[in-house]
Amino acid sequence: MTRFRLKTGPVALFGAVFFAALLILLPLRFVLGWFELDTAGVAAREANGSVWFGQLREAQVGSIALGDLGASLSPWALLAGRARVDLASPATAADASRAVHGAVSVSRHGVGLDAMTASVPAGAVFAPLPISGVDLDAVTVHFVDGKCETAEGRVRATLGADIAGISLGQGLAGSARCDAGALLLPLASQAGTEQIALRLWLPGRFRADLTVKPVDAAAAQKLEQSGFQPSPSGHRLTIDGKF
C-alpha cells in the first residue's frame, strides 16, 4: 500500500478545510451586509440559505418590488474586486410575465445592474407621472463614483392613466444611455408625439421631462390646464422626485 505524506501541517490543513466550509455554508444575509448591497438599493424582508444558493423574500430595488427571488454570489466577480449577486425569479413563480433575471453588482467605487430583464410594477414611484409598470430588456447600468458610466438595454414604461385626456395605452419605449452623469431613459410613444426624457441619479433622484405635441387647440388648452408649458418641441411638463 502506498502512503502519501502531507507536507501541510494538521493545523494549517484544518484551517483550510474550515475556511472552505465557511465559504460554502456562509449565510446569504451576512454577505448582503458585508458588501453593503443596500448602496445599490437592494433590500429584502428575509435572506435565507447560503451565499451560493440563497433566497430573498419580498426583494426590492429602491421602491420597486421584485417579489421572491433566488440569489447567488458570483465567485468570478469577486476575483475582479466586486460583489455580484445574480437574481432570478423561481421557476414556480405564479406570474411568469413578471419574471426577473439579471444581477446587481457593487464595487469599491460603483454600483450597477447587469443584464437585468424584468417586468415590475412601479406603483407611485414616479408620481405624479402615471408610470404604472416598467419592463427591462437586458438592461446594464453602471454608476462609478455616483455618475453613470455605461448604460444599455431596452426600457418600456406602461402608463396607468391618461395625460390631460391623451391616452398612452401602448406605452413609451427607448434605449438606456448615460447623459452628463445621469442615467437617461429617452422614452417615446409609437407615433413619437409623446416623449418622456427620464433622468435618474444616485441615490434615487429623478427628473422627468414630459413633452406632448397636441393635435389641436383644444388639446393644447387641456395640456396647459394640467401644468404643461408651450415649447418649440411641444408642450412640456417637468417633474422632479425621488424613488
Side-chain angles (χ1 to χ4, degrees), residues 21-78 82-108 110-143 146 153 155-158 160 176 183 185 198 200-206 241-243:
L22 183 63
L23 285 179
I24 293 172
L25 301 176
L26 193 63
L28 177 64
R29 64 181 182 275
F30 291 160
V31 173
L32 295 181
W34 286 348
F35 290 111
E36 298 182 339
L37 289 180
D38 57 341
T39 61
V42 179
R45 181 176 295 275
E46 291 182 9
N48 302 316
S50 76
V51 66
W52 311 116
F53 302 101
Q55 300 84 36
L56 299 177
R57 290 192 58 193
E58 299 182 27
Q60 62 185 59
V61 174
S63 301
I64 298 178
L66 302 178
D68 296 341
L69 299 174
S72 61
L73 185 68
S74 169
W76 313 116
L78 288 176
R82 62 190 179 99
R84 170 185 162 125
V85 177
D86 294 305
L87 303 173
S89 297
T92 57
D95 189 353
S97 65
R98 293 197 179 279
V100 174
H101 187 274
V104 176
S105 60
V106 178
S107 65
R108 181 178 179 183
V111 297
L113 299 178
D114 296 318
M116 182 64 72
T117 295
S119 178
V120 295
V125 171
F126 299 106
L129 199 63
I131 295 179
S132 59
V134 177
D135 295 334
L136 306 179
D137 185 6
V139 172
T140 293
V141 181
H142 290 159
F143 284 88
V155 178
R156 182 177 181 275
T158 302
L183 168 62
L185 305 179
L198 182 58
L200 301 100
W201 294 268
L202 291 180
R205 183 170 64 92
F206 74 85
K242 296 194 71 175
F243 63 90

[X] side, atom [atom1]; [Y] side, atom [atom2] - distance, nearest 0.5 Å:
X	Y	atom1	atom2	result
N48	D68	CG	CG	10.0 Å
I131	T158	CD1	OG1	9.0 Å
M116	L87	CE	CG	5.0 Å

Please enumerate all residues that pass side-chain hydrogen bond (donor to acceptor under 3.5 Å, both in side chains) together with R45, with sequence neighbours excluded.
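Applying side-chain hydrogen bond (donor to acceptor under 3.5 Å, both in side chains) to R45 gives E58.
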Among all residues two or more places apart in sequence or in another chain, which pass the salt bridge (charged side-chain N to carboxylate O under 4.0 Å, His left out) test with R205?
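For R205 there are no salt bridge (charged side-chain N to carboxylate O under 4.0 Å, His left out) partners, ignoring immediate neighbours.
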With sequence neighbours left out, what residues match D114 under salt bridge (charged side-chain N to carboxylate O under 4.0 Å, His left out)?
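D114: salt bridge (charged side-chain N to carboxylate O under 4.0 Å, His left out) contacts with R82, R84.
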F206 and W201: which non-hydrogen atoms are nearest, and at how many Å?
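In this case the closest contact between F206 and W201 is C-CZ3, 4.1 Å.
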For D86 and S74, which heavy atoms make the closest approach, and how far apart are they?
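Answer, listing the atom of D86 first, then S74: OD2-CB, 4.1 Å.
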Using the side chain to side chain contact (heavy atoms under 4.5 Å, CB included) rule, take V139 and T117 through it: C-alpha gap first, then chi angles, then the decisive distance, then the call.
CA-CA 7 Å; V139 172; T117 295; over 6 Å; no
Taking only residues two or more places apart in sequence or in another chain, which ones pass side chain to side chain contact (heavy atoms under 4.5 Å, CB included) with L183?
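So L183 forms a side chain to side chain contact (heavy atoms under 4.5 Å, CB included) with V141, F143, C148, A151, A176, L185, L200.
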Within residues 118-134 or reaching into it, pairs that qualify as salt bridge (charged side-chain N to carboxylate O under 4.0 Å, His left out) - sequence neighbours excluded:
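For residues 118-134, and leaving out neighbouring residues, there are no salt bridge (charged side-chain N to carboxylate O under 4.0 Å, His left out) pairs at all.
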Quick check: do V155 and D137 have side-chain heavy atoms less than 4.5 Å from each other?
no
Check for a donor-acceptor pair, side chain of S89 on one end and backbone N or O of V100 on the other, with a separation under 3.5 Å.
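Yes, because the side chain of S89 sits within donor-acceptor range (under 3.5 Å) of the backbone of V100.
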